[in-house]
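Sequence lines set the chain letters: A, B, ... in the order given, protein chains first and strands last, and positions in each chain run from 1. Remember, it's a predicted structure, so these values are computed and weren't measured experimentally.
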Number of protein chains: 2
Amino acid sequence: MTPQNKKIPRMSLERLPIYYRTLCNLADAGYLRIKSAQLGRIIHLEATTIRRDFSYFGDLGKSGYGYDIAHLIEIFGTILEVNHTQGLALIGVGNLGRALLINNFRRNPNLEIVAAYDVDPAVIGGIINEVPIQALADLEDDLKAKQIKGVISTVPSHALQEVVDQLVMFGVTSILSFAPEPVHVPESVHVRYLDLTSEVQNLLLLAELS
Amino acid sequence: MTPQNKKIPRMSLERLPIYYRTLCNLADAGYLRIKSAQLGRIIHLEATTIRRDFSYFGDLGKSGYGYDIAHLIEIFGTILEVNHTQGLALIGVGNLGRALLINNFRRNPNLEIVAAYDVDPAVIGGIINEVPIQALADLEDDLKAKQIKGVISTVPSHALQEVVDQLVMFGVTSILSFAPEPVHVPESVHVRYLDLTSEVQNLLLLAELS
DNA sequence: CATTTTTTGTTAATCAAATCACATTTACAT
DNA sequence: ATGTAAATGTGATTTGATTAACAAAAAATG
Ligand SMILES: NC(=O)c1ccc[n+]([C@@H]2O[C@H](COP(=O)([O-])OP(=O)(O)OC[C@H]3O[C@@H](n4cnc5c(N)ncnc54)[C@H](O)[C@@H]3O)[C@@H](O)[C@H]2O)c1
Ligand SMILES: NC(=O)c1ccc[n+]([C@@H]2O[C@H](COP(=O)([O-])OP(=O)(O)OC[C@H]3O[C@@H](n4cnc5c(N)ncnc54)[C@H](O)[C@@H]3O)[C@@H](O)[C@H]2O)c1
C-alpha cells in the first residue's frame, strides 16, 4: 500500500500472522504488556529478530517497558485487515474440502468461506455448514457479489491447472492449493501450496539426518 | 547419516521431495532425461539453483546431455527412503483427521498411516479405511510394533501441548501439527506446523501489497 | 575426426535474513 | 530528583541462499 511496504522483508511479513495470533492469545489470557524476550520464548524466535520485525511497522515499543499488547494487536490487525471480512471460495468439496467447510476458520472471525464449488452433480446444490455448493461457473458472478478475496483449492492434482485457468479467467488473484501440482499463471496471480507430503517427507528426513 | 550431510543446505533438502515427485511424474509420462532448465520451468526455479542442489548429492548430470531421470529418482528415493515403508500415527480423528485417514497418502506408496488415536469414546474402537482408532495410551506399544516413524496431529490447539508431552514420553521424535500452537519439546524432538490460517492471511496480504 | 553446440559443476558475486553489540531511552526504586 | 536496571531500536557483522559467470566436459554435427 504505502511505498515503504515494498521494503518490509518477506520473512517479517510471513511472521505477522503468528505475531498477531500469539498476541491475541496473550490478551485473552489477561496480559497487557510483553517484552521481545518473553515473546521469543513463546514462539521460538530470537528477541532481536522480533524487535527488528516490529521496527518495520513503527516505533512500537518503549525502552525498559516492552510492548503494549493491545497496541501491537491494533497495528498488526490493521495490516492484516482483520476488521474487514475476507470472503473465501472453496473449490473441491471432497473429504478435505468438507473438513475445511465444517471448521470454516471459526477461530478467525474475519476469514470466512462464503461459497463452495465442485463438478460432482451429487454434491452441487447441497449446503454444508450454511455454505452452498455450486458449479464452478457460478463463481464468476459470486466473486463480486460475495466479495471473494481468495480461493482455497482442494481439487486433485490432475484437475488443478484446469481449475486454476478458470479462476484466472474469472479474475481471481489469490489461490491456495492443497494439491502440490505446480501451475502456470500470469505474474499478477499469487499461488501458494500446502504440501502435506513434502512436509512429512522432510520431517522424517530431518529426524533421519540428526 | 554420512558426515557430509551436515553441510547440505536446509533449503536444498526442503526441495528434495518436490524434485522427487516431479521426476516421478516425468518418468511416468515416459521421459528419460531432463535438463536443469526444463525442470526449472516446471517447478519455477532457476536452473542454476537446481544444478547446485543436485551437486550436493554427487555428480549426477552429464555436460551437454542433462540428467538421467531414472538415476535421479534412484538417488533421491534412497535419501528419502521411499523403499522402506514409513509408518505414521494420526492423533485426533475429527473432520480433518478423517479426511487424512481416508486419503492416507495413496499417491505415496511408502507413507502410510497405520494407526489412529483419539480421546472420544464414540470414535475409539472404530475402523476407518482399515485403520483402527485407539486410545492414545495404546500408542506407546504400537510405536515399536507398528514401526511408527512419525506422528500427524489434528487435535485442537488447546490439547496440543498435552498430547505432545505424551508423545515425547513415548519416544516420538517427529511431529507434524495442523494446529499452530507453539509447543515446548526437548531439542531432540522435531515439530513442524501446517498453519492454514497464516497461509491464507499471508496470501491475502501479499495480494493487498502488490 | 575436428568443430561447434550444449549443458554441467563450481567459483565468485550478490542478495537477504538473522544475529551481535551497544548507544539510547524509559521505568522504577530510593 | 537522581541513579540504576531493563529493554528497545538499529548500525555493523555474520550467516546462509540465490544468481551470475564461466571453464571444462560431453554430445551432436558435418
Ligand atoms: N485428503 C488428504 O489427506 C489430502 C492430503 C494432502 C493433499 N490432498 C490434496 O487435496 C486433494 C483433495 O483431497 P480429498 O481427500 O478431499 O479428495 P476427494 O477426492 O475426496 O475430493 C476431491 C473433490 O474435488 C472435486 N473435483 C474434481 N475435479 C474438480 C474440478 N475440475 N472442479 C471442481 N471440483 C473438482 C471432486 O468432485 C471431489 O469432490 C487431493 O487430490 C490431494 O491433491 C489431500
Ligand atoms: N478442519 C479445519 O479446517 C482445520 C484447518 C486448519 C487447522 N485445523 C486444526 O486442526 C484441528 C482439528 O480440526 P478438525 O476440524 O478435525 O476438528 P475436530 O473437532 O473435528 O476434531 C478434533 C479431534 O481431536 C480429538 N481430540 C481432542 N482432544 C484430544 C486429545 N487430547 N487426544 C486425542 N484426541 C483429541 C477430538 O476428539 C476430535 O475427534 C483444529 O483444532 C485446528 O487446530 C483444522
Side-chain angles (χ1 to χ4, degrees), chain A residues 4-19 23 26 31-76 182 198 202 205-206 209-210, chain B residues 4-19 23 26 31-72 75-76 182 198 202 205-206 209-210:
Chain A
Q4 83 201 358
N5 275 334
K6 281 272 92 107
K7 308 179 66 211
I8 299 176
R10 160 183 285 274
M11 293 315 290
S12 301
L13 286 174
E14 293 277 331
R15 286 187 284 265
L16 210 44
I18 292 165
Y19 291 139
L23 292 163
L26 287 167
Y31 293 97
L32 298 175
R33 36 194 275 201
I34 186 99
K35 14 197 187 210
S36 58
Q38 293 177 300
L39 189 54
R41 246 168 276 128
I42 296 173
I43 56 183
H44 305 128
L45 286 176
E46 291 291 324
T48 182
T49 301
I50 292 171
R51 289 205 301 278
R52 188 170 298 279
D53 281 351
F54 286 9
S55 76
Y56 293 116
F57 304 104
D59 270 26
L60 306 180
K62 284 204 284 188
S63 300
Y65 173 95
Y67 298 87
D68 186 76
I69 290 178
H71 186 225
L72 291 179
I73 289 175
E74 167 68 19
I75 300 286
F76 298 162
S198 287
N202 268 310
L205 183 56
L206 204 55
L209 294 182
S210 64
Chain B
Q4 84 201 359
N5 275 335
K6 282 271 90 107
K7 307 179 64 208
I8 298 175
R10 158 183 286 273
M11 294 314 291
S12 301
L13 285 174
E14 292 278 331
R15 286 187 283 264
L16 210 45
I18 292 165
Y19 291 139
L23 292 163
L26 287 166
Y31 293 96
L32 299 176
R33 35 193 278 201
I34 186 99
K35 359 189 202 220
S36 58
Q38 294 177 299
L39 188 55
R41 245 167 277 127
I42 296 172
I43 56 183
H44 305 125
L45 286 176
E46 291 293 323
T48 183
T49 301
I50 292 171
R51 291 205 300 278
R52 184 171 299 281
D53 282 350
F54 286 8
S55 76
Y56 293 116
F57 304 104
D59 270 27
L60 306 180
K62 282 204 286 188
S63 302
Y65 172 96
Y67 298 86
D68 185 76
I69 291 178
H71 185 226
L72 290 179
I75 300 286
F76 298 161
S198 288
N202 269 310
L205 184 55
L206 203 56
L209 295 181
S210 66

Contact class for [X] (heavy atom, under 4.0 Å): base, sugar-phosphate, or nothing?
X     : value
B:Y67 : sugar-phosphate
A:S36 : sugar-phosphate
A:S55 : sugar-phosphate

First and last nucleotide of DNA chain C, 5' to 3', lying under 4.0 Å from heavy atoms of chain B: C:dT6 to C:dA12
Base versus backbone protein contacts along nucleotides 24-30 of chain D [heavy-atom cut-off under 4.0 Å; B, S, -]: -BSS---
[atom1] of [X] to [atom2] of [Y]: how many Å apart, nearest 0.5 Å?
X     : Y     : atom1 : atom2 : value
A:S55 : A:I50 : OG    : CD1   : 12.0 Å
A:L13 : A:Y19 : CG    : OH    : 11.0 Å
A:Y67 : A:L72 : OH    : CG    : 7.5 Å
A:E74 : A:L23 : CD    : CG    : 12.5 Å
A:L60 : A:F54 : CG    : CZ    : 7.5 Å

Within a radius of less than 6.0 Å around OH of B:Y65, do more than 12 heavy atoms belonging to other residues, nucleotides or ligands occur? yes
Residues passing the side-chain contact (heavy atoms from CB on, under 4.5 Å) test with A:E46, sequence neighbours excluded, are A:T48, A:T49
Residues that A:S12 engages under side-chain contact (heavy atoms from CB on, under 4.5 Å), provided they are two or more places apart: A:I8, A:P9, A:R15, A:D53, A:Y56
Worked check of side-chain contact (heavy atoms from CB on, under 4.5 Å) between A:L26 and A:I42: CA-CA 10 Å; A:L26 287 167; A:I42 296 173; 4.1 Å; yes
Just how far, in rounded Å, is [atom2] of [N] from [atom1] of [X]?
X     : N      : atom1 : atom2 : answer
B:K7  : D:dG16 : NZ    : C1'   : 14 Å
A:D59 : D:dT8  : CG    : C1'   : 9 Å
A:L60 : D:dT10 : CG    : P     : 10 Å
B:F54 : D:dT18 : CZ    : P     : 14 Å
A:D53 : D:dG9  : CG    : C1'   : 13 Å

Using heavy atoms to find the nearest nucleotide of DNA chain C for A:M11 and B:K35 separately, return the residue whose nucleotide is more 5′. B:K35
Selection: residues 37-47 of chain A, any non-hydrogen atom under 4.0 Å of DNA chain C: A:E46
Using a cut-off of less than 4.0 Å, is there contact between a side-chain N or O of A:R51 and OP1 or OP2 of D:dT8? yes
Under 3.5 Å, which donor-acceptor pairs do the side chains of residues 32-41 of chain A form with other protein atoms, sequence neighbours left out?
residue, atom, partner, partner atom, Å
A:S36, OG, A:R51, NH1, 3.1
A:Q38, OE1, A:K35, N, 2.9

Classify the side chain of B:R52 versus the base of D:dT19 as yes if they form a donor-acceptor pair under 3.5 Å and no if they do not. yes
